[in-house]
Number of protein chains: 2
Amino acid sequence: MKKRLTDAALDLMWENSYGTTSVDAICERAGAKKGSFYYFFKSKSELTVAALEAEWNKNKANMDALFSPTVPPLERFDRYFDYVHDRLAELQEECGSILGCPLLSIGSEVSTQDQGVRATVDRIWDRKIKYFESAIRDAHAQGLIVAPDPEAKARALFACYHGTLAQARIQNDVELIRDFKEVARDVLGVKQTDAVSS
Amino acid sequence: MKKRLTDAALDLMWENSYGTTSVDAICERAGAKKGSFYYFFKSKSELTVAALEAEWNKNKANMDALFSPTVPPLERFDRYFDYVHDRLAELQEECGSILGCPLLSIGSEVSTQDQGVRATVDRIWDRKIKYFESAIRDAHAQGLIVAPDPEAKARALFACYHGTLAQARIQNDVELIRDFKEVARDVLGVKQTDAVSS
DNA sequence: AAAATACTTGACTGATTAGTCTACATGGGC
DNA sequence: GCCCATGTAGACTAATCAGTCAAGTATTTT
């Protein structure tokens with residue numbers, strides 16, 4: 001039931017927003033009653049923290065696979081961006097909208113008002129950046145890009161990517177995400193190969 | 001009074017969020033009563049549309065100056081990013097938080113639920129991109145960058161910038177914005193000059 | 001000065017909100 | 001058969017929400 005509640009919460013907050021997702025609505029979707037909700041969580045804020053952590057745990061294995069060191073570093077990004085694109089396109093079929101990234105949507109919404117949720121978003125954000133950072137470091141070591149500060153480069157790329165996801169949500173346009181692969185190459189400073197000419 | 005209401009609304013929504021900004025709170029800050037509010041606007045949604053348009057009108061002259069064709073094209077970006085950085089740092093002094101861009105925060109929050117506000121954000125977003133687009137086209141014409149599709153490049157840069165602003169909001173860190181100037185150069189594909197070496 | 005328009009006031013409604021509380025069910029260990 | 005821990009049920013509160021409305025005051029028009 002705990003899982004049903006966190007799943008329901010994340011679904012609703014992702015599709016709509018933190019503010020418009022009521023505890024009643026979460027309970028209804030999870031098939032739970034108010035009493036159960038407050039048995040497991042002492043507030044909506046605390047549930048949100050749990051929901052975000054649960055979502056992270058659900059995705060972690062997948063992220064590990066996408067960013068496996070066995071994959072050539074720049075290809076990891078392509079695979080990741082493709083994966084997110086496909087997932088968001090799939091969700092769009094279900095709910096009619098490109099939903100972007102819940103970390104950014106929820107984080108941006110509550111950052112000035114709920115330090116617990118804000119810190120959780122921040123923490124998970126940092127974990128995800130580590131995948132980028134390590135891929136960038138590998139690419140640099142292989143001479144594919146020049147990135148003397150992989151951490152800064154990773155943060156920059158991650159921010160750019162999330163901006164694109166947010167724009168895709170606002171404009172409800174999945175194409176922006178598809179186009180991001182090229183933008184990522186610019187941000188990374190990928191050295192041109194002759195395959196690029198046309 | 002209409003102006004006082006839209007100003008109050010934008011301030012509150014920018015600092016907090018659309019959802020947590022109540023009509024009562026807007027009225028209180030504006031020194032207006034409920035009746036006046038609903039005399040001018042028929043809903044909170046409609047007020048938000050008016051507030052966003054008013055904000056645009058307030059900023060337009062400034063944007064025109066920053067992106068004046070008399071300024072070298074790449075310098076326009078530097079000036080703009082500096083301006084936003086300084087403005088957000090100033091607001092941070094007042095309210096303790098880096099607030100990011102209200103278009104993104106509000107847009108991301110309401111995009112799946114309020115088509116009126118969503119369309120307004122979209123429209124203003126497009127107007128702002130035009131400044132980028134024209135600067136990019138000029139830079140391309142002067143051989144400073146290679147950007148055969150200035151519109152796409154402008155959208156990409158705008159998205160990256162907004163992602164950075166959102167991240168700055170979530171992490172309450174203004175430095176991310178300062179660092180963006182270099183990222184922008186990567187996205188734009190600015191050709192290296194010898195001044196860069198060190 | 002009358003009339004019409006523009007705007008303000010604040011009490012009101014009914015719905016919804018997060019969160020509480022007590023009573024109840026279930027199932028396992030003894 | 002009984003205890004106790006783990007959960008469930010759902011009515012309840014008090015606050016807050018967006019929005020209404022009828023009566024009032026200014027301001028402008030005629």
Side-chain angles (χ1 to χ4, degrees), chain A residues 1-52 54 102 105-107 109-121, chain B residues 1-52 54 102 105-107 109-121:
Chain A
M1 178 57 71
K2 206 165 174 175
K3 177 173 156 34
R4 292 238 301 277
L5 284 165
T6 51
D7 281 354
L10 198 96
D11 284 355
L12 290 169
M13 287 176 189
W14 196 4
E15 181 167 346
N16 305 292
S17 66
Y18 178 87
T20 58
T21 298
S22 71
V23 173
D24 283 335
I26 295 166
C27 289
E28 195 189 332
R29 174 180 275 235
K33 302 291 166 160
K34 265 274 187 58
S36 293
F37 183 103
Y38 285 99
Y39 174 75
F40 291 112
F41 308 101
K42 71 169 191 253
S43 68
K44 179 178 162 185
S45 166
E46 203 174 79
L47 161 86
T48 306
V49 168
L52 290 171
S105 301
I106 297 173
E109 183 179 348
V110 309
S111 64
T112 61
Q113 297 181 266
D114 187 318
Q115 285 310 305
V117 174
R118 198 204 64 80
T120 302
V121 169
Chain B
M1 179 56 69
K2 205 166 175 175
K3 176 173 157 34
R4 292 237 300 276
L5 284 166
T6 51
D7 281 354
L10 198 97
D11 284 354
L12 291 169
M13 288 177 189
W14 197 2
E15 180 166 349
N16 304 294
S17 67
Y18 179 86
T20 58
T21 298
S22 71
V23 173
D24 283 335
I26 295 166
C27 288
E28 195 188 333
R29 174 179 273 237
K33 304 288 166 162
K34 264 275 186 59
S36 293
F37 182 103
Y38 285 100
Y39 174 76
F40 291 112
F41 307 102
K42 70 168 190 253
S43 69
K44 178 178 161 185
S45 165
E46 203 174 79
L47 161 86
T48 307
V49 168
L52 290 171
S105 302
I106 297 173
E109 184 179 348
V110 308
S111 64
T112 61
Q113 295 180 269
D114 186 319
Q115 285 310 306
V117 174
R118 197 204 65 80
T120 302
V121 169

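The figures that follow rest on heavy atoms only: side chains count, while hydrogens, waters and symmetry mates do not. Letters A, B, ... mirror the listed sequences (proteins, then strands); counts begin at 1.
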Sugar-phosphate only, base, or nothing, as touched by B/Thr20 at under 4.0 Å among non-hydrogen atoms: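 Result for B/Thr20 = nothing.
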Sugar-phosphate only, base, or nothing, as touched by B/Thr21 at under 4.0 Å among non-hydrogen atoms: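 Since only primed, P, OP1 and OP2 atoms lie under 4.0 Å of B/Thr21, the category is sugar-phosphate.
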Rounded to whole Å, how long is the line connecting atom [atom1] of [X] with atom [atom2] of [N]?
X       : N      : atom1 : atom2 : value
A/Asp24 : D/dC17 : CG    : P     : 17 Å
A/Lys44 : C/dT16 : NZ    : P     : 15 Å
B/Phe41 : C/dC7  : CZ    : P     : 12 Å
A/Lys2  : D/dT6  : NZ    : P     : 12 Å
A/Ile26 : C/dG19 : CD1   : P     : 10 Å

Give every donor-acceptor pair under 3.5 Å between a side-chain atom in residues 23-37 of chain B and any protein atom, sequence neighbours left out.
unit_1: B/Asp24; atom_1: OD1; unit_2: B/Lys34; atom_2: NZ; d: 3.0
unit_1: B/Arg29; atom_1: NH1; unit_2: B/Asp11; atom_2: OD2; d: 3.2

If you compare every side-chain N and O of [X] against the phosphate oxygens of [N] (OP1, OP2), does one of them come in below 4.0 Å?
X       : N      : value
A/Tyr38 : C/dG19 : yes
A/Tyr39 : D/dT8  : no
B/Ser22 : D/dC17 : yes

Distances under 3.5 Å between protein N/O atoms and the N/O atoms of nucleotides 9-11 of chain C, please, pair by pair.
unit_1: C/dG10; atom_1: OP2; unit_2: B/Lys33; atom_2: NZ; d: 3.1
unit_1: C/dG10; atom_1: O6; unit_2: B/Gly35; atom_2: N; d: 3.2

